[in-house]
Novice: 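Got a structure for you, questions after.
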Amino acid sequence: MPRPTAPLRISASTSTRAIHPALTAGQPLRPRVTTSNVPGPRSQSILQDLNRSGDFRTSLVAVDYAKSKGNYLTDADGNQHLDCFGQIASISVGYRNEQLEALAGSERFRIAAMNRPAIGVFPPHDWREILEAGLMKDSVRPRGLTQIFTANCGSTAIESAYKAAFMAYQHKQRGHSDFTAAENDSSLFNSSPGSPSLSILSFKTGFHGRLFGSLSTTRSKALHKVDIPAFDWPAVDWPQLRYPLEENEADNRKEEERCIALVEETIERWQAKSPVAAVVVEPIQSEGGDNHASPFFFQRLREVTRQRGVYLIVDEVQTGVAATGTFWAHEKWNLPHPPDAVTFSKKMQAAGYYHTEELRPSAGYRNFNTWMGDPARAMQASEIVKIIEENGLVEHTAQVGAQLYEALRGLSARHPGLIQNLRGKGQGTFLAFDCETPAQRDELVGRMRNKGVLVGGSGARAVRLRPLLIFSEKELEVFVETLQAVATEIVA
Ligand SMILES: Cc1ncc(COP(=O)(O)O)c(C=O)c1O
């Protein structure tokens, strides 16, 4: 049967409140690709050049950031792309945002940026005010977490949170007394009791970064891990849920219960070998393919970790900062007790983790490094928070995400083979779907790119959308139109 190709209507009944025009002023109205392929010749030549002295085989295009604006990224060939991937989910309020650039022109910012301090030893006199204006603002700081550790990127935030969990766990074990001489001496030889056998439990297909500890809990792609020595730490199944979640609640509940039982059993079994000090979990497994779980799963996870004296670290590096229609994705779980730590980076443009008092190390310098973040980036984070709050971008993302989900549902009905397992209902614009095969997914992502719309791949065959928080109805129309054209080409 021939497939209908009439344009998909976006229902006016779900239309969203317009965001302030200044947020998208000066951006192109539509994508424009003038080269026969992306990357075009100039990008290709720049990337080849770069690749001579470094590994740039991962690069898609060379970017002209001066000419990028709002939701649109301009490449070195002058192609203008609607960016629905946001530099791997890390752009929040758009390219060349005027408010951020005004901050960059201020004396305060200039001083901060050009006099980068070792924050732990020489914090700026106004460090507390900088934090209180953004990262530690009541409306931003996750409920129940009173402390913050600032770091340099997602992986270092995760690594530092793991260290804090190990230190707090041992502190409890030794009954809050000082280290013994044997602990001090043996730690310098990486042996017990100073370097104890402890573990972090993670989930299969999860991603938590690429340094040694974080990579040991990353389980999404062998390419990231092969040849690297890893801690022998446990991993348990992530619930394999059926989508849409609301139509498969009973089966999904059983699957989630199965995985929670595995968590409990694993914590128990590893007690003799390498006790689990913390469980780390993403609210939506992102690099692993946008794999969801329900609030029930996370509530149970909090319950079993608390019962067993195991810390719970929620990794919001990718889900955090409004992308899922709430400031933090874990807010939707209604946990009776907060997580012990919540990591952030990406859209915040500053990294670190929030934590409870219990996760404060027993002495200074135990969790530390030279920079421990960057005041200029923390000021940028404050300004981003201000822009988000002044413009209602959390609510906006929830609304436009609902509209985008419905549009994708329509496209999925038209192309059920190509757009399968649509997921992310009620999760803002944090949406994804599967193609039939990995090759088909790559073809879809490549064809979208050649038409000037950037989306990401993840997991085996998922397409993930990570639009900016200023993604609105106009961009939604362009996105849907382009996906529809690509889908028609692929299934033709
Ligand atoms: C959930 C999650 N945790 C940690 C990281 C690591 O962050 P970074 O790449 O900044 O080290 C990422 C990066 O994609 C991530 O998605």
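The analysis underlying the following values was restricted to heavy atoms, covering all of them including side chains, and did not include hydrogens, waters or symmetry mates. For ligands, and for the atoms within them, numbers begin at 1 and follow the listed sequence.
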Novice: Among all the protein's non-hydrogen atoms, which is closest to atom 3 (N) of ligand 1, and how far away is it?
Specialist: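 Among all protein heavy atoms, the one nearest atom 3 (N) of ligand 1 is Asp315 OD2, 2.6 Å.
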Novice: Can you tell me how far the CG atom of Leu393 sits from the CD1 atom of Ile387, to the nearest 0.5 Å?
Specialist: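 Result: 8.5 Å between the selected atoms.
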Novice: Heavy-atom contacts under 4.0 Å between His208 and ligand 1: side chain, backbone, both, or neither?
Specialist: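 Near ligand 1, His208 shows its backbone, while the atoms from C-beta on stay back.
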Novice: Within the 4.0 Å heavy-atom shell around Val317, which atoms of ligand 1 are there?
Specialist: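 Here the atoms of ligand 1 in question are 2 (C), 3 (N), 4 (C), 5 (C), 7 (O), 12 (C), 15 (C).
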Novice: Report the nearest protein non-hydrogen atom to atom 12 (C) of ligand 1: residue, atom name, distance rounded to 0.1 Å.
Specialist: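 Its nearest protein heavy-atom neighbour is Phe207 CE2, 3.5 Å.
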Novice: Any heavy atom of Arg210 closer to ligand 1 than 4.0 angstrom?
Specialist: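 Flag not set, Arg210 not near ligand 1.
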Novice: Does an N or O anywhere in Cys153 fall below 3.5 Å from an N or O of ligand 1?
Specialist: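 N/O-N/O distance under 3.5 Å: no.
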Novice: If you define the side chain from C-beta out and look only at heavy atoms, does anything of Gln307 sit under 4.5 Å from Glu303?
Specialist: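 Yes - at least one pair of side-chain heavy atoms lies under 4.5 Å apart.
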Novice: Give me the one residue out of Phe296, Trp328, Phe297, Phe298 that meets ring pair (Phe, Tyr, Trp, His ring centres under 6.0 Å) with Trp333.
Specialist: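 That would be Phe298.
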Novice: With a 4.0 Å cut-off on heavy atoms, does Ile88 reach ligand 1?
Specialist: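 Ile88 does not count as a contact of ligand 1 under the 4.0 Å cut-off.
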Novice: So if I count the atoms of ligand 1 from 1 in the order they appear, which ones are less than 4.0 Å from some heavy atom of Lys346?
Specialist: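 The atoms of ligand 1 under 4.0 Å from a heavy atom of Lys346 are 13 (C), 14 (O), 16 (O).
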Novice: Taking both backbone and side-chain atoms of Gln318, is any N or O found less than 3.5 Å from an N or O belonging to ligand 1?
Specialist: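 Between Gln318 and ligand 1, an N or O pair is found under 3.5 Å apart.
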Novice: Is there side-chain contact between Tyr353 and Ile148, with at least one heavy-atom pair below 4.5 Å?
Specialist: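 Not in contact.
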Novice: Does either side chain, that of Asn190 or that of Ser195, offer a donor lying less than 3.5 Å from an acceptor on the other one?
Specialist: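 Per modelled atom types, Asn190 and Ser195 side chains form no pair under 3.5 Å.
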Novice: Below 3.5 angstrom, do we get any N/O pair linking Ser155 and ligand 1?
Specialist: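 Yes; the residue has a nitrogen or oxygen that sits under 3.5 Å from a nitrogen or oxygen of the ligand.
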Novice: Any N/O of Ser286 closer than 3.5 Å to an N/O of ligand 1?
Specialist: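 N/O-N/O distance under 3.5 Å: no.
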Novice: Does atom CZ of Arg269 have more than 12 heavy-atom neighbours from other groups under 6.0 Å away?
Specialist: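 Enclosed: over 12 neighbouring heavy atoms sit under 6.0 Å from CZ of Arg269.
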Novice: Can you check whether Phe433 and Tyr243 have ring centres sitting under 6.0 Å from each other?
Specialist: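 No: the rings miss the under 6.0 Å criterion.
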Novice: Counting from 1, what ligand 1 atoms have a heavy atom of Glu287 closer than 4.0 Å?
Specialist: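 Near Glu287, the atoms of ligand 1 are 14 (O).
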Novice: What do you think, any protein heavy atom under 4.0 angstrom from atom 7 (O) of ligand 1?
Specialist: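 Under 4.0 Å from atom 7 (O) of ligand 1, at least one protein heavy atom found.
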Novice: Identify, for atom 10 (O) of ligand 1, the protein heavy atom at the shortest distance, and state residue, atom and that distance.
Specialist: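 Answer, as residue, atom name and distance: Gly154 N, 2.9 Å.
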Novice: Would you say Glu287 and Glu282 make side-chain contact, with heavy atoms under 4.5 Å?
Specialist: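 Side-chain contact under 4.5 Å: no.
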Novice: Does the pair Arg300/Glu256 count as a salt bridge with the N-to-O cut at 4.0 Å?
Specialist: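 Salt bridge between Arg300 and Glu256, a charged N being under 4.0 Å from a carboxylate O: no.
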Novice: So if I count the atoms of ligand 1 from 1 in the order they appear, which ones are less than 4.0 Å from some heavy atom of Glu282?
Specialist: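 Matching atoms, with element in brackets: 1 (C).
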Novice: Are Arg466 and Phe430 in a cation-pi contact, defined as NZ or CZ under 6.0 Å from the six-membered ring centre and within 45° of the axis?
Specialist: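 Checked: cation-pi criterion met.
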